[in-house]
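Whatever order the structure lists ligands and atoms in, that order sets their numbers, starting from 1. The structure displayed is predicted, hence computed values, not measured ones.
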Amino acid sequence: MICARGVAKVYENGNQALQDINLKITAGELVYVLGASGAGKTTLLKLLLGMEKPTAGGLEVAGISLVKPQAKDIRHLRRLTGAVFQDFKLIPGRTALENVALSLRVLGVPWSENRQKSMAALAEVGLTDKAGNLVQTLSWGERQRVALARAVVREPRLLLADEPTGNLDAASVGFVADVLARAGDKGITRVVATHDSRLLERLQGRVLVLKQGCLQEVAGNGWEQTACGDKGGE
Ligand SMILES: Nc1ncnc2c1ncn2[C@@H]1O[C@H](COP(=O)(O)OP(=O)(O)O)[C@@H](O)[C@H]1O
Ligand SMILES: [Mg+2]
């Protein structure tokens, strides 16, 4: 599903966010990307969504090369992908239900089916009773869960989540873990940037660590891969 070979990202101002990233993620996997603030987690997710381009190396997601992608490739990738970033990008003035339903409406799903699926997605994140509330009246953590519901309701092939439990209490972390687990049952590949040990305790996954833009893989009890090595993780 995801294959990176020697990927680097240097921003225009000279910031090196990622270096020599070698990574293979197979369909259906759950991969956690851990790392301190500034380690490059968000940048990695943005590369996987085609929001930023690598400045070196090769990167393929769902068979689409993201080194010099055409606009139609990016559109194709976006249709396959559900993403939750830290700014959520919910539409103010609309309810939680309307925000989630928009994700299916653009795919032409009829309203009765859309409503049922969107309510089910909101139920999965524990927000049934907030479905009719305007998103700007919801707490930060509730908005975060609406954004997750919106990302999964379409049953994408790839789910990218950037710190999806950052503002959540223990009960809500449980909802997020359940959503990620159920997405796995549907064969959805999941890449989750987080430093929330509560999430890792609730749901096991493969753990990668970014350190100053270099990727390490944690396997079993120790470090299996060294930073900036030339061997791809399987
Ligand atoms: N748009 C940008 N322009 C320049 N530098 C950036 C940009 N976005 C992120 N960076 C830099 O890239 C590095 C990695 O950032 P980021 O991917 O946001 O890390 P994380 O999500 O792990 O906190 C940081 O040094 C950050 O300052
Ligand atoms: Mg980040």
Practice task
Any ring pair (Phe, Tyr, Trp, His ring centres under 6.0 Å) involving residues 105-160? Give me the pairs, sequence neighbours left out, ordered by first then second residue.
Solution key: Phe88-Trp140
Exercise for the section: State, with a plain yes or no, whether a side-chain heavy atom of Pro156 is found less than 4.5 Å away from one of Ile188. Expected result: yes
Problem - From the candidates Ala39, Gly38, Ser37, the one that places a heavy atom nearest atom 24 (C) of ligand 1 - result: Gly38
Problem - Side chain, backbone, both or neither: the part of Asn13 lying under 4.0 Å from ligand 1 by heavy atom - result: side chain
Exercise for the section: Note the single closest protein heavy atom to atom 19 (O) of ligand 1, along with its residue, its atom name and the distance in Å. Expected result: Gly40 N, 3.1 Å
Practice task
Identify, for atom 18 (O) of ligand 1, the protein heavy atom at the shortest distance, and state residue, atom and that distance.
Solution key: Thr42 CB, 3.7 Å
Handout entry: Shortest protein heavy-atom distance from atom 10 (N) of ligand 1, along with the residue and atom involved
Key = Tyr11 CE1, 3.3 Å
Practice task
Please write down residue, atom name and distance for the protein heavy atom closest to atom 12 (O) of ligand 1.
Solution key: Ala17 CB, 3.4 Å
Practice task
Start with the C-alpha gap between Lys24 and Arg5, add the side-chain angles, then the distance that decides, and say whether side-chain contact (heavy atoms from CB on, under 4.5 Å) holds.
Solution key: CA-CA 9 Å; Lys24 232 181 217 167; Arg5 287 279 171 240; 3.8 Å; yes
Fill in the blank from the handout: The option among Lys41, Lys9, Glu12 carrying the non-hydrogen atom nearest to atom 22 (O) of ligand 1 is Lys41
Exercise for the section: For the residue pair Leu148 and Gln144, establish whether any side-chain heavy-atom pair is separated by less than 4.5 Å. Expected result: no
Fill in the blank from the handout: Which of Val109, Leu102, Leu104 passes side-chain contact (heavy atoms from CB on, under 4.5 Å) with Ser118? Answer is Leu104
Practice task
Report yes or no: is the cationic atom of Lys89 (NZ for Lys, CZ for Arg) closer than 6.0 Å to the six-membered ring centre of Phe85, at no more than 45° off its axis?
Solution key: no
Exercise for the section: Return yes when at least one N/O/S atom of Thr43 is nearer than 2.8 Å to the Mg ion (ligand 2), and no when none is. Expected result: no
Handout entry: Side-chain heavy atoms of Glu60 within contact of Ile2, under 4.5 Å
Key = no
Exercise for the section: Pick one of side chain, backbone, both or neither for how Asn15 approaches ligand 1, counting any non-hydrogen atom pair under 4.0 Å. Expected result: side chain
Problem - atom 17 (O) of ligand 1 - nearest protein heavy atom and its distance - result: Thr43 OG1, 2.6 Å
Exercise for the section: Indicate yes or no: at least one non-hydrogen side-chain atom of Asn15 is less than 4.5 angstrom from one of Val10. Expected result: no
Problem - Under 3.5 Å: N/O of Glu52 near N/O of ligand 1 - result: no
Handout entry: Proximal ligand 1 atoms for Ala36, defined as those under 4.0 Å from one of its heavy atoms
Key = 22 (O)
